[in-house]
Amino acid sequence: TTRSPAFLGLQPEKAPNMWSEKLSGRDVIVGVLDTGIWPESESFKDVSMGPVPAHWKGACEIGTGFTKSHCNKKVVGARVFYHGYEAAIGRINEQKEYKSPRDQDGHGTHTAATVGGSPVLGANLLGYANGTARGMAPGARIAAYKVCWVGGCFSSDIVSAIDKAVADGVDILSISLGGGVSSYYRDSLSVAAFGAMEKGVFVSCSAGNAGPDPASLTNVSPWITTVGASTMDRDFPAEVKLGNGKIVTGVSLYKGQSVLSIEKQYPLVYLGSNSSRVDPRSMCLEGTMDPKVVSGKIVICDRGLSPRVQKGNVVRSAGGVGMILTNTEANGEELVADCHLLPAVAIGEKEGKDLKSYVLSGKSATATLAFKGTRLGIRPSPVVAAFSSRGPNFLSLEILKPDLVAPGVNILAAWSEAIGPSGLKVDNRREKFNILSGTSMSCPHVSGVAAFLKARHPEWSPAAIKSALMTTAYVLDNTKKTLTDASTAKPSSPYDHGSGHIDPIRAVDPGLVYDIEPQDYFEFLCTQNLTPTQLQVFAKFSNRSCKHSLASPGDLNYPAISSIFTQKTATSFSRPVIVHRTVTNVGPADSKYQVVISPFEGASVKVEPETLNFTKEHQKLSYKITFTPRVRQTSPEFGSLVWKDGLHTVRSPIVITW
Amino acid sequence: AQFVKKTYLVQMDKAVMPKAFTNHLEWYSSKLKSALSTSPEADAESEKRIIYTYQNAFHGVAAKLTEGEAKKLEAEEGVVAIFPDTKYELH
C-alpha cells in the first residue's frame, strides 16, 4: 500500500475533491474477519479522526495483551471468536497464543491496514517498497473480528463474527479466507453473508489461491463480491549471475548480513534430476537436505508442496549460502517475492529449466546472487496472478466469477510484531510492515474501495456498490493491451479477471448501476433446483417465497452476463437464450446511452432497445439481450456489452458457453 | 464414534417460535433438549452444549452434538438446516 493507492489513482494530491473530510470514508465501518490486529501499528493511529460514528454498537473485547485502550477512533472495535476452534482443536494455549484480538500471525493486521490504514510516511520492509503506506479508505473505521487461530479458522466462529458484526453496525465485511466449494444452501458462510447483505452490508471475499486451475474459485455466491489478484507496476529485481557469464533476472526481498559477494562465484547444486519423476529433494522439503552436499553452496529449489520461505530455511539450516527458487508449470513466469532468511532469488519456470540444465550438464556450475532493490513502472501491469483462482463458477455457470481483480501481489502493509516477516518461528526479525501476496491481499483493496464508495454514496445498496466497481473496471493494461495471465503470458479472460481491474475513481461515478434487491437474489436461488427445505435456509423469516420473477438464473440483474447454450441433440442446440437487465441511472437526470456489443463467432447478439433515454435520476430502464446460436464453438467465447453516454462507459463482460 | 461430539451450526426459523417461549435462546435450548433426550445428561447439559447463539445474519445456535443428535435435531420442527462446522483457511 505504498504503491497501490497511486496505482489505483487514489492519491489525495491527484484527486483532491475525492478526499475532502466529508468524503474520505469517516463514517464507514469495515469489519475485517481475520487473525486479529496489532493495534500499536502506526497504520491504526487515529490522529485527526472525528468521533466514532453514532451507529457503531460494537465492543473492544479485552484479553491477553489487549485492553480497552487498544481501540481508538480508527480501530473502533475488536472481538474474538474461538468457541468453535476450541471445540474442534482443543483449548488455546495462552502461553503460546494471544487469546485476545491481538494478532499473532500478521495476516489480519496486513488486511486491516490495506482496507483502512492511516497514512504512514517512510513505510518499508528492510528498505524495500519505501513510501507512504495508506489504506484504500484511510478515513474508514476498522473493526477486527478475530476468527482465525494457529490451527485454522472454523465456520461456527466465522458465522458468529458475521452475525455480531451486523449487529455492531459494520457497513462492509472484508473476508480473506475460504474453504471448499459446496452448494449455496450447505455453505454456512454463504448463508451468513446472505443475511448480512439483507441488512445492507457489502461483503467482499477473496477468490482463493488455487489458480491457474480452472473452476478453482471459492466464495462464489452472487451476493458476495469475489476478488481475484493481480500485480502492480512494482517489483523487486534480483539477479543470478552464473559462472558461464549468463545473468538470470528474478525477484527478492532479501536483506541481511549474509550477503553473497558479487565478485565471487559459489557452487550451485540442484538435488532433482532430468527425469519426470518428482524428487522431494528438488523441492527442498524438510528432512531432504544433506548438509554434506549443500553446505557452502547455492541450492536450486522447485516450488511446490511446502511454503516458499520454509524451503529457504531448510537450505539455510543445512548450511546452504543461498537459494534460487524456481517456478514450475503451475506458476509460469509469475514472480512472487518473499522475505527469506538467507539470500534467495525467485525465478520463472523457463529460466529455471535453463538453470537446471546448466547445473545438470555435468560441468561445475557456479553462481552468485545480487539484489537490486525496488523498481517502479513495470510494464505490462496489472497482470492476473498465476495463483489467483479461476472461473468458471462451478455452482452456477450463469454467474460469471470472479467479479474483478485488484492488487494482490507484493503488497506492503502493517505487520504484527509478534512474528518475523517470513512468518517462520525461527525468524527473529521484527518489522512494522511486511510484503505479502495472495487474494487475501486483493480482497481488502476492494473492501477499502467499497468503503470509499459508501462514504460518497451512503444510499447505495451492496449490489449498487458492486455494480459500480464491476462496470467501471478496466481490461487494458498500462501498455494498452488486453490484461495478461501470468501463468501463460497470454491474454487473460473473464474467467481469470472477471469484469477487470478495479478503477476506484471511475467507480465513484459509474453512470448506471445494476441494482439487486435481496428478494432478487432469493429469486435466483429459486432457479437453482433447490427443494423448499433447502430454500428455507435463505428465507428464514418465512417472508420470502419464490415469485418466479426470473425466467432463468442468467436473468439475475448481475453486472456480468453469461449465456449458456445447451445441446439438445448431436446436431442441434437450444433455442435463442434471452436474458434481461435493468439499469438504474445514478448519473445526470437527462442521459442518453447507446449500446455497443463486441462481435461473437458462434452467436449473434441483439440488444433491445439499443438506446436508453433517461429523464430522471434513479430512473430504471430495462433491456433484453437475445443470443442466437450460429456456429457451435469448442470453447467459451468472451466479449462485452457496453452502454455509453459520451461521459460514462458502463461495461459488462459476456461469456457464451456451448 | 457415535458418541463423539462435533460442532454443528443449527439454523432455526425464528418465525415459528411458539408463544410460550419468552426468548429465542430458551426455545433453541428446548429444541436441543429434545434432541438429547436419549442422553442421560439431556436436561443439565443442553445449554452447555451451545457454544454460540446467532441472531442477526443467521438465526440459531452452534452446538456440540453427536451425529445421531444432529440427525434427530434436523427433523425437529423449526430447525431449518444443520451445517457441520467446517475448517477454512486464510488466502
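Atoms considered below: every heavy atom in the structure, side chains included; atoms not considered: hydrogens, waters and symmetry mates.
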Contact winner vs chain B - [options], heavy-atom pairs under 4.5 Å:
options	value
Ala192(A), Ser442(A), Cys153(A)	Cys153(A)
Val166(A), Val191(A), Ile162(A), Thr111(A)	Val191(A)
Gly84(A), Ser156(A), Gly195(A)	Ser156(A)
Ser155(A), Gly179(A), Ala88(A)	Ser155(A)
Ser176(A), Gly151(A), Gly178(A)	Gly178(A)
Asp157(A), Ile175(A), Asp34(A)	Asp157(A)

*May I ask you to check whether Asn209(A) and His91(B) show a side-chain donor-acceptor distance below 3.5 Å?*
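No donor-acceptor contact under 3.5 Å links the two side chains.
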*Ser221(A) side chain to Ser190(A) side chain, donor-acceptor N/O pair below 3.5 angstrom*: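 Yes - a donor-acceptor pair under 3.5 Å links their side chains.
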Identify which part of [X] has an atom lying under 4.5 Å from any heavy atom of chain B, answering side chain, backbone, both or neither.
X	result
Asp168(A)	neither
Thr218(A)	side chain
Phe81(A)	both
Leu189(A)	both

Look at [X] together with [Y] and state whether they make a salt bridge at an N to O cut-off of under 4.0 Å.
X	Y	result
Glu76(B)	Lys72(B)	no
Arg91(A)	Glu97(A)	no
Glu77(B)	Lys31(B)	no

Residue part contacting chain A, namely of [X], when any heavy atom lies under 4.5 Å:
X	result
Lys64(B)	side chain
Gln11(B)	side chain
Leu90(B)	both
Tyr54(B)	both
Ala57(B)	both

*With no hydrogens and no angle check, is any side-chain donor or acceptor of His55(A) less than 3.5 Å from a backbone partner on Gly169(A)?*
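It does hold such a pair.
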*Kindly determine whether Trp38(A) and Trp415(A) satisfy side-chain contact (heavy atoms from CB on, under 4.5 Å), including the steps that lead there.*
CA-CA 7 Å; Trp38(A) 191 263; Trp415(A) 190 242; over 6 Å; no
Would you tabulate the side-chain donor-acceptor contacts of residues 16-25 of chain B under 3.5 Å, counting partners in other chains and residues two or more places apart, or write 'none'?
residue: Thr22(B); atom: OG1; partner: Glu26(B); partner atom: OE1; Å: 3.1
residue: Asn23(B); atom: OD1; partner: Leu25(B); partner atom: N; Å: 3.0
residue: Asn23(B); atom: OD1; partner: Glu26(B); partner atom: N; Å: 2.8

*Among the listed options Val80(B), Asp85(B), Thr7(B), Ile82(B), the residue most often paired with chain A at heavy-atom distances under 4.5 Å*: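 Most pairs with chain A among the choices: Asp85(B).
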*Where do Gln55(B) and Asp163(A) come nearest, in terms of heavy atoms and distance?*
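Shortest heavy-atom contact: N-OD2, 2.8 Å.
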*Does the ring of Tyr82(A) carry Lys99(A) above it, NZ/CZ under 6.0 angstrom from centre and within 45° of its axis?*
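Relative to the ring axis of Tyr82(A), which defines the angle, Lys99(A) lies inside both limits.
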